[in-house]
Amino acid sequence: MVHWSAEEKQLIATVWGKVNVEECGAEALARLLIVYPWTQRFFASFGNLSSPTAIVGNPKVRAHGKKVLTSFGEAVKNLDNIKSTYAKLSELHCEKLHVDPENFRLLGDILIIVLASHFGRDFTPACQFAWQKLVGVVAHALARKYH
Amino acid sequence: MLTAEDKNLIHQFWEKVSGHQEDFGSEVLERMFMTYPQTKTYFPHFNLQHGSDQIRSHGKKVLNALGNAVKSLDNLSQALSELSNLHAYNLRVDPSHFALQLLGQCFHVVLASHLGKDYSPEVHAAFDKFLSAVAATLAEKYR
């Protein structure tokens with residue numbers, strides 16, 4: 001089980017409390033598809049992904065980004081139980097979606113950058129530390145059921 | 001591969017870094033040491049406390065080197081040749097999960113936190129490609 005200090009929990013909760021899940025989720029997913037275009041391989045059914053503008057404006061990208069970040073919120077609510085929180089999603093990503101777990105790490109890093117751009121100086125090094133730890137734990141939990 | 005548009009964006013955006021090499025550079029390093037403690041193993045000889053002179057001066061050095069790379073986007077190999085030697089034969093920073101990737105992440109965070117909306121997906125992508133190219137060049141001579 002992952003140990004979270006009181007400070008880390010505080011930093012995570014404070015940032016999360018101010019996050020617009022729909023906006024940040026959409027932005028994170030769009031950036032993933034733009035910065036690492038090979039990740040588009042998982043979204044062939046999403047329609048027009050031909051340019052950054054198309055990706056940012058794509059309604060399916062926005063909706064899916066919101067879905068992903070909403071699910072991420074489950075980790076924030078269950079810091080002491082992230083492994084079991086994502087057990088089913090892990091199986092899904094392996095057996096149905098066939099997503100290389102490296103992509104979880106990429107998305108996690110991108111989410112951090114999105115948070116930094118939204119919160120500016122408030123996204124302190126200590127914040128970054130707590131959040132990088134969190135995205136790492138989530139990525140690990142999502143990869144855990146792979147076989 | 002850096003497109004012409006990427007290069008434009010990189011040059012444009014680097015204007016915003018000029019004048020802030022020491023501030024941005026030291027913040028990048030500080031974030032890296034805090035977020036990825038394993039990177040501290042390369043600096044046993046440094047005072048790694050917040051605001052230390054060594055961090056400020058090394059941060060400035062790193063950003064200045066990147067600035068030189070920005071001026072030579074068409075010939076990174078040559079521009080970074082000495083640094084490439086240094087990293088391969090002297091510093092030998094682990095290239096597999098290249099600490100440079102970790103440094104890169106912290107760069108993005110510093111730029112994003114200072115530039116906000118201006119750190120658009122396009123700028124982010126161009127810069128990420130640039131940093132990857134720099135890391136690859138620095139790792140060129142490892143073996």
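Residue numbers start from 1 in every chain, and the chains themselves are labelled A, B, ... in the order their sequence lines are given, proteins ahead of strands.
For B:Tyr36, the part lying near chain A is the side chain, with the backbone staying farther off; criterion is any non-hydrogen pair under 4.5 Å. For chain B, no part of A:Phe119 is nearby; none of its heavy atoms comes within less than 4.5 Å.
When the shell of 6.0 Å around NZ of A:Lys133 is examined, it contains more than 12 heavy atoms from other residues, nucleotides or ligands. More than 12 heavy atoms of other residues, nucleotides or ligands lie within 6.0 Å of CD in A:Glu102, so this atom counts as buried by the packing criterion. Within 6.0 Å of atom CG in B:Asp118, more than 12 heavy atoms from other residues, nucleotides or ligands are found, so the atom counts as buried in its surroundings. Surrounding NZ of B:Lys16 are at most 12 heavy atoms belonging to other residues, nucleotides or ligands under 6.0 Å away. Summarising the local packing, NZ of A:Lys67 is surrounded by 12 or fewer heavy atoms from other residues, nucleotides or ligands at distances under 6.0 Å. Residue-environment remark: NZ (B:Lys129) exceeds the threshold of 12 foreign heavy atoms within 6.0 Å. More than 12 heavy atoms of other residues, nucleotides or ligands shown are found within 6.0 angstrom of NE2 on B:His58.
Smallest separation of non-hydrogen atoms from B:Cys106 and A:Gln128: SG-NE2, 3.8 Å. In plain terms, the two heavy atoms of B:Thr35 and A:Phe129 that are nearest each other are CA-CD1, 3.7 Å.
Of the residues considered (A:Gly120, A:Ala126, A:Ala30, A:Ala130), A:Gly120 shows the highest number of contacts with chain B, using heavy-atom pairs under 4.5 Å. The candidate from B:Glu30, B:His114, B:Met32 with the greatest count of non-hydrogen atom pairs under 4.5 Å with chain A is B:His114. Most heavy-atom pairs under 4.5 Å with chain A, from the set B:His124, B:His108, B:His50: that is B:His124. Interface summary for chain A: among B:Ser120, B:Pro121, B:Ala125, B:Ala126, the most heavy-atom pairs under 4.5 angstrom belong to B:Pro121.
A distance of 9.5 Å separates CD in A:Gln132 from CZ in B:Arg31, rounded to the nearest 0.5 Å. If you take CG on B:Asp128 and CD1 on A:Ile34, they are separated by 12.5 Å, rounding to the nearest 0.5 Å. Taken to the nearest 0.5 Å, the CG atom of A:Asp122 stands 10.0 Å off from the OG atom of B:Ser113.
Placement of B:Val134 and B:Leu9 within a single hydrophobic cluster is found when ILVMFWY residues are connected by side-chain heavy-atom separations under 4.5 Å, directly or transitively. Clustering ILVMFWY residues whenever any of their side-chain heavy atoms sit less than 4.5 angstrom apart, transitively, puts B:Val110 in a cluster other than the one holding B:Met34.
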Working for side chain to side chain contact (heavy atoms under 4.5 Å, CB included), residues A:Ile113 and B:Gln105: CA-CA 8 Å; A:Ile113 293 168; B:Gln105 170 70 359; 3.7 Å; yes
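Residues A:Arg31 and B:Glu122 are not in side-chain contact: their nearest non-hydrogen atoms beyond the backbone lie 4.5 Å or more apart.
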